[in-house]
K.L.:
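Pasting in a structure now, in structure tokens, and then I'll have a few things to ask.
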There are 2 protein chains.
Amino acid sequence: MVAPSLRARVRAGMIEEIKTVARRHLDTDGANLSLRAVARDLGMVSSAIYRYFPSRDDLLTALILEAYDALGDAVEAADAAADQADLRGRWLAACRAARAWALAHPAEYALLYGSPVPGYAAPDDTVAPAQRPPVTLVGILRDGLASGRLAPPDEDLPEPLRGDVAELVGLLGMDVPPALLARGMAGWTQLFGLISFELFGRINRALPHRDEYFDHQIGLMADLVGLP
Amino acid sequence: MVAPSLRARVRAGMIEEIKTVARRHLDTDGANLSLRAVARDLGMVSSAIYRYFPSRDDLLTALILEAYDALGDAVEAADAAADQADLRGRWLAACRAARAWALAHPAEYALLYGSPVPGYAAPDDTVAPAQRPPVTLVGILRDGLASGRLAPPDEDLPEPLRGDVAELVGLLGMDVPPALLARGMAGWTQLFGLISFELFGRINRALPHRDEYFDHQIGLMADLVGLP
DNA sequence: CCCACGTCAAGAGCAGTGCTCTCTCTTTTG
DNA sequence: CAAAAGAGAGAGCACTGCTCTTGACGTGGG
């Protein structure tokens, strides 16, 4: 392990600076990020950017990865900060943290969960960090099951579906009944829908009390998954 | 009322032809619609398009309007085709119709419910057609309430929210308790989330039986709104 | 009938985009 | 100290939305 050379440190700083400026452009100008505009802000020429990122998509991918991790950190931190015995409190805290992060970083949220850019295919690196929020939610359910505070749902899944979800249970490494995982995914789907509606402006201008509306809606889903 | 002149009829046909080709480009190339490419396909030069649409955004708006109406038609038709006494059947049919339309027209769905285009602001004309699917869902609940087949939820909404939702009830002109409307909106949010995840996300590659998964998820929401 | 008016399409051009290639200068390395 | 590698600048290609001008054509009124 040699000490990084001056050039290497400058390079790392440059990469960070490019990402910072790009993030700023993302927040102000929306999803269509212009490499040339970023370069202009940095006082350099557009072709110089290609020393650091092989293409615009790679820059976007780097931003997406960081955004997934930032969202995952926020959700997991909120869950960890709550009273671990209070399952419903943990669920609500995780959901609120996701919404708060999305409201604070709307353009990055749109990058993660908006319509996919036509030519762009997200690399596999993004799969794991993307699953952190739903995994956190399911983890709360697993904890509840383990501690006996959460009763599994009465129903079971019909067969072709049961196998799929059971496989997903194994993939996530969380020992919960398939029917419960399905309800947990319903909660995650609902959370995503709620945030997207609020952010993309499709939801009602007739609902001024957005915090209360959000809390009520995620409360409904907490009921659905069986949190007391 | 005079008969439209030959020129007017040719013009109307041209507008339709442009929209058709644009829709095709949308489906193949994704959201970034190129005016020049559309013009090329029509054997004309890009500037000629501006005789019919003042800008690219106006062409997009026309497509969005038609898409909203197509989706609304599909959902309402599915609801109307179901046995009107079978409330749960109507709910499921409406949801399935929305999904089917989205899967058949992914790019147009993305245009409607994906991340908003930065510079673009949807005109007010789009508000009414955009509300047709959720209004259809709530209409099912109202019918159930009127016929006594659906019991309103036990709970009531806490105060700041109750007023908001009550106002929304008035706005929609549907006489349902606020708590029930809130649950109906949860169902609509869930439906949007489900379709978006399936279309955009590569959530659940581990779920090959998508139809069954979808049916189960909307079934959960049918339970939540109280449909027997 | 005919001509002026309004519509239409084409072409050039402007400012912007992602990206490539070359050329030069500086830093690191053997 | 010389060779190799890295970094930035600049020109250029193909593309985008959009504007303006120019010339051709169909149509309705005199």
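Quick note on labels: first sequence line is chain A, next is B, and so on, each numbered from 1. Only this structure's heavy atoms are used, side chains among them; waters, hydrogens and symmetry mates stay out.
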K.L.:
Without decimals, in angstroms, what is the distance between B:Ile18 CD1 and C:dC8 C1'?
P.N.:
12 Å
K.L.:
Does OP1 or OP2 of D:dT16 have a side-chain N or O of B:Arg40 closer than 4.0 Å?
P.N.:
yes
K.L.:
Between the base of C:dG16 and the side chain of A:Arg36, is there a donor-acceptor distance below 3.5 Å?
P.N.:
no
K.L.:
List for me each residue that meets side chain to side chain donor-acceptor pair (under 3.5 Å) alongside B:Arg162, sequence neighbours excluded, and say none if there are none.
P.N.:
B:Asp156
K.L.:
Could you give the CG-to-P distance, from A:Asp29 to C:dG16, as a whole number of Å?
P.N.:
13 Å
K.L.:
Taking protein heavy atoms under 4.0 Å as touching, what does nucleotides 20-30 of chain C look like 5' to 3' if B marks base contact, S marks sugar-phosphate-only contact and - marks none?
P.N.:
BB----BBS--
K.L.:
So which of B:Val75, B:Leu191, B:Thr136 actually passes side chain to side chain contact (heavy atoms under 4.5 Å, CB included) with B:Cys95?
P.N.:
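In the set B:Val75, B:Leu191, B:Thr136, the residue that makes a side chain to side chain contact (heavy atoms under 4.5 Å, CB included) with B:Cys95 is B:Leu191.
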K.L.:
Does B:Leu33 reach a base, just sugar-phosphate, or nothing at all? Heavy atoms under 4.0 Å.
P.N.:
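Counting heavy atoms under 4.0 Å across all strands, the contact made by B:Leu33 is with sugar-phosphate only.
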K.L.:
Taking the minimum atom-to-atom distance to the side chain of B:Leu35, which one of C:dA9, C:dC19, D:dC18 wins?
P.N.:
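Ranking C:dA9, C:dC19, D:dC18 by closest atom to the B:Leu35 side chain puts D:dC18 first.
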K.L.:
Only one of A:Glu108, A:His105, A:Glu66 forms a side-chain hydrogen bond (donor to acceptor under 3.5 Å, both in side chains) with A:Arg23, so which one is it?
P.N.:
A:Glu66
K.L.:
Tell me the interatomic distance from B:Asn32, atom CG, to D:dG17, atom P, rounded to whole angstroms.
P.N.:
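To the nearest whole Å, that distance equals 9 Å.
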K.L.:
Of the options D:dA9, C:dC19, C:dA10, whose atoms approach the side-chain atoms of A:Ala48 most closely?
P.N.:
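Of all the options, the side chain of A:Ala48 is nearest to D:dA9.
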K.L.:
Below 4.0 angstrom from OP1 or OP2 of D:dG8, is there any side-chain N or O of A:Tyr52?
P.N.:
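Checking D:dG8 against A:Tyr52, a side-chain N or O does come within under 4.0 Å of OP1 or OP2.
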K.L.:
Rounded to whole angstrom units, what separation is found between the CE atom of B:Met44 and the P atom of C:dG11?
P.N.:
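To the nearest whole Å, that distance equals 12 Å.
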K.L.:
Take the protein atom CG of A:Leu60 and the nucleotide atom P of C:dT17, then report the distance between them rounded to whole Å.
P.N.:
15 Å
K.L.:
Do B:Leu181 and B:Met174 have side chains that approach each other closer than 4.5 Å (heavy atoms only, starting at C-beta)?
P.N.:
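No. Closest side-chain heavy atoms not under 4.5 Å.
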K.L.:
Distance check needed: C:dG11 P versus B:Ile49 CD1, whole Å only.
P.N.:
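Checked: the CD1 to P distance equals 15 Å.
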K.L.:
Could you state the CG-P distance from B:Asp57 to D:dT16, rounded to the nearest angstrom?
P.N.:
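Going from B:Asp57 (CG) to D:dT16 (P), I get 17 Å.
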K.L.:
Taking the nucleotide of DNA chain C with the closest heavy atom to each, which residue, B:Arg11 or A:Ser55, is nearer the 5' end?
P.N.:
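In this pair, the answer is B:Arg11.
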K.L.:
Given D:dG10, C:dA9, D:dT16, which nucleotide is nearest the side-chain atoms of A:Val45?
P.N.:
D:dG10
K.L.:
Of A:Tyr113, A:Phe200, A:Phe197, which meets ring pair (Phe, Tyr, Trp, His ring centres under 6.0 Å) against A:Phe192?
P.N.:
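Of the listed options, the one satisfying the test is A:Tyr113.
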K.L.:
If a pair satisfies salt bridge (charged side-chain N to carboxylate O under 4.0 Å, His left out) and one of its residues is in residues 33-52 of chain A, list it, with sequence neighbours excluded.
P.N.:
A:Arg24-A:Asp41
K.L.:
Report the distance from atom CG of A:Leu59 to atom P of C:dT17, rounded to the nearest whole Å.
P.N.:
14 Å
K.L.:
Side chain to side chain contact (heavy atoms under 4.5 Å, CB included) between A:Tyr52 and A:Met14: does it pass, once the steps are laid out?
P.N.:
CA-CA 8 Å; A:Tyr52 303 93; A:Met14 196 70 199; 3.3 Å; yes
